[in-house]
Amino acid sequence: MRYDLVIFDNDGVLVDSEPISNRLLAAYLTELGHQTSYEESLRDYMGSAMHRIHDLIEERTGQRLPDDFDDVFHARVFEAFERDLEPVAGALGVVEKLAADGVPYCVASSGSHERIRVGHRKTGLDRWFDEGRIFSSQDVGRGKPAPDLFLYAAERMGVAPERCVVVEDSPLGVQAAVAAGMDVYGFTAMTPAERLVGATQLFSELGELADLLV
C-alpha cells in the first residue's frame with residue numbers, strides 16, 4: 001500500500017445519496033422561490049456543507065433562507081434515506097478489504113454527523129465505521145473546498161497529509177484534497193471527469209479502487 005490512510009468522502013462515494021438529496025434540495029429551494037433544477041443543484045451544491053447553500057442563495061438573491069431551513073431539509077432527507085438509500089455499488093467490499101488488510105481508513109464528509117450515521121445505519125456501513133473514523137464539516141470552521149476537514153481527519157488519525165489519499169466525487173472535494181497536499185482519486189460515476197480537475201487519478205467503479213491503491 002502506497003498510502004498510510006484512505007479518506008473517503010461519504011455522499012456519492014460510500015452511500016448513493018446524491019440523487020436523493022439533490023432532488024429534495026432542488027425541490028425545496030424552488031418551493032421557497034429560488035428556482036433550482038436537479039442539474040443545477042448537482043452543479044452548485046454537490047459535495048458542499050450546508051453553509052455554502054445559505055451563502056450562495058444570499059449572494060445571488062440578497063435573501064436569506066429560513067432559520068429552520070437545515071432542520072426541514074434534513075428531516076426530508078432522512079425520511080427518504082430510510083426508504084430509498086443504498087450503498088454505492090462496491091463500497092462495502094472495498095471497505096471490508098481495507099479492514100481485512102489492516103489499512104487505516106476513515107470518512108470525512110461535508111454532511112453532518114447525524115446524516116453520516118443515518119446513512120451508514122441504513123446501508124450497513126456502520127459495521128465498518130466507528131466514531132473514531134467519522135469526521136464531518138461540523139468539526140471544523142470551514143467546509144470543502146477549504147482543506148480544513150481533510151487536514152483535521154489526518155491529524156486525528158495520526159497520519160501526515162502527504163501519506164493520505166482522498167476518494168472524492170465532487171469538484172469541491174477534489175479542490176479540498178489538493179489544497180491539503182493529499183493525493184485524490186476522483187470517482188466519475190456521477191461527475192464528468194473534466195470537472196474533477198486536479199485529481200491524481202480517475203476511476204469509474206469502486207471495485208477498481210482497491211487495486212489502484214496498491
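Note that the coordinates shown come from a computational prediction; the quantities given were computed from them, not determined experimentally.
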- Which residues, ordered by chain and number, are linked to Met190 in its hydrophobic cluster, where ILVMFWY side chains connect at heavy-atom gaps below 4.5 Å, directly or through other members? Tyr38, Leu42, Met46
- Is there side-chain contact between Leu25 and Ile53, with at least one heavy-atom pair below 4.5 Å? yes
- Message: Just so I know, are the side chains of Leu202 and Tyr185 near enough to count as touching, which here means a heavy-atom distance under 4.5 Å?
- Response: no
- Item | Side-chain donor/acceptor of Ser109 to backbone N/O of Asp9, under 3.5 Å | no
- Give the C-alpha distance, both sets of side-chain angles, the deciding distance and a yes or no for side-chain contact (heavy atoms from CB on, under 4.5 Å) between Arg115 and Phe78. CA-CA 7 Å; Arg115 177 181 172 127; Phe78 295 165; 3.8 Å; yes
- Message: Nearest 0.5 angstrom please: Cys164 SG to Asp4 CG, how far?
- Response: 7.5 Å
- Interatomic distance, Leu65 atom CG to Asp70 atom CG [nearest 0.5 angstrom]: 8.5 Å
- Under 4.5 Å between side-chain heavy atoms, hopping through other hydrophobics if needed: is there a path connecting Leu92 to Phe81? yes
- Go through Glu40 and Arg60 one step at a time and tell me if the salt bridge (charged side-chain N to carboxylate O under 4.0 Å, His left out) criterion holds. CA-CA 14 Å; Glu40 289 168 337; Arg60 291 170 174 176; over 6 Å; no
- Item | Thr61 side-chain N/O to Ile57 backbone N/O, donor-acceptor pair under 3.5 Å | yes
- Starting at CD of Glu79, measure out to CG of Leu24 and round the result to the nearest 0.5 Å. 9.0 Å
- Are Asp183 and Val166 close enough, and set up right, to give a side-chain contact (heavy atoms from CB on, under 4.5 Å), and what steps lead you there? CA-CA 6 Å; Asp183 282 358; Val166 175; over 6 Å; no
- Query: Do you know the tightest heavy-atom contact between Leu32 and Pro66?
  - Reply: CD1-CD, 3.9 Å
- Is it true that Glu18 and Arg43 make a salt bridge, defined as a side-chain N closer than 4.0 Å to a carboxylate O? no
- Does the side-chain contact (heavy atoms from CB on, under 4.5 Å) test come out yes or no for Leu14 and Phe129, once each step is laid out? CA-CA 11 Å; Leu14 294 175; Phe129 288 90; 3.7 Å; yes
- So which heavy atom on Ser170 is nearest to which on Leu196, and how close? C-CD2, 3.6 Å
- Message: Are Leu151 and Val167 linked, directly or through intermediate hydrophobic residues, by side-chain heavy-atom contacts shorter than 4.5 Å (ILVMFWY only)?
- Response: no
- Which residue pairs pass the side chain to side chain donor-acceptor pair (under 3.5 Å) test with at least one member in residues 194-214, sequence neighbours excluded? Ser204-Glu208
- Can you run down the side chain to side chain donor-acceptor pair (under 3.5 Å) pairs that involve residues 80-99, sequence neighbours left out, and say none if there aren't any? Lys97-Asp101
- Task: State, without any angle test, whether Asp169 and Thr191 hold a side-chain donor-acceptor pair at a distance under 3.5 Å.
- Result: no
- Task: Taking Ser110 for its side chain and Ser137 for its backbone only, find out whether a donor-acceptor pair lies under 3.5 Å.
- Result: no
- Message: Using a 3.5 Å distance criterion without hydrogens, assess whether the side chain of Ser136 forms a donor-acceptor pair with backbone atoms of Asp139.
- Response: no
- Query: Cluster question for you: counting only ILVMFWY and a side-chain heavy-atom cut-off of under 4.5 Å, with indirect links fine, are Val165 and Met182 together?
  - Reply: no
- Item | Transitive ILVMFWY side-chain link Val72 to Leu56, under 4.5 Å | yes
- Task: Sort and list the pairs that fulfil ring-ring contact (aromatic ring centres under 6.0 Å, His included) and have at least one residue in residues 1-37, not counting sequence neighbours.
- Result: Tyr28-Phe69
- Heavy atoms, side chains only, cut-off 4.5 Å: are His74 and Met50 in contact? yes
- Any chain of hydrophobic side-chain contacts (each under 4.5 Å) joining Val13 to Leu212? yes
- Going by heavy atoms in the side chains, are Val15 and Val88 under 4.5 Å from each other? no
- Message: Contact between Val174 and Val197 at the side-chain level, heavy atoms closer than 4.5 Å - yes or no?
- Response: no
- Message: Using a 3.5 Å distance criterion without hydrogens, assess whether the side chain of Arg52 forms a donor-acceptor pair with backbone atoms of Asp44.
- Response: yes
- Message: Check whether Arg163 reaches the backbone of Arg2 with its side chain - one donor and one acceptor, N or O, closer than 3.5 Å.
- Response: yes
- Task: Decide if atom CG of Asp130 counts as having more than 12 heavy atoms of other residues, nucleotides or ligands within a radius under 6.0 Å.
- Result: yes
- Task: Enumerate the residue pairs fulfilling side chain to side chain donor-acceptor pair (under 3.5 Å) with a member in residues 150-161, sequence neighbours excluded, ordered by first and then second residue.
- Result: Tyr152-Arg156
- Can any side-chain N or O of Lys144 pair as donor or acceptor with the backbone N or O of Leu172 at less than 3.5 Å? no
- For Tyr105, does its backbone N or O pair with a side-chain atom of Arg133 as donor and acceptor, under 3.5 Å? yes
- Please examine the side chains of Ile134 and Arg117, heavy atoms only from C-beta on, and report whether any two atoms are closer than 4.5 Å. yes
- Task: State, to 0.1 Å, how close Leu206 and Ala89 come at their nearest heavy-atom pair, and which atoms those are.
- Result: CB-O, 3.6 Å
- Quick one: are Phe150 and Pro161 in side-chain contact, heavy atoms under 4.5 Å? no
- Task: Compare all side-chain heavy atoms of Val159 with those of Pro104 and state whether any distance is below 4.5 angstrom.
- Result: no
- Message: Whether Arg121 and Asp126 form a salt bridge (side-chain N of Lys/Arg under 4.0 Å from carboxylate O of Asp/Glu) is what I want to check.
- Response: no
- Query: Stepwise, does the side-chain contact (heavy atoms from CB on, under 4.5 Å) test hold for Phe135 with Ile7?
  - Reply: CA-CA 10 Å; Phe135 306 100; Ile7 303 176; over 6 Å; no
- Pairs in or reaching into residues 187-214: which pass ring-ring contact (aromatic ring centres under 6.0 Å, His included), with residues at least two apart or in two chains? Phe187-Phe203
- Note on the structure: The reported gap from NZ in Lys122 to CG in Leu85 (rounded to nearest 0.5 angstrom) is 6.0 Å
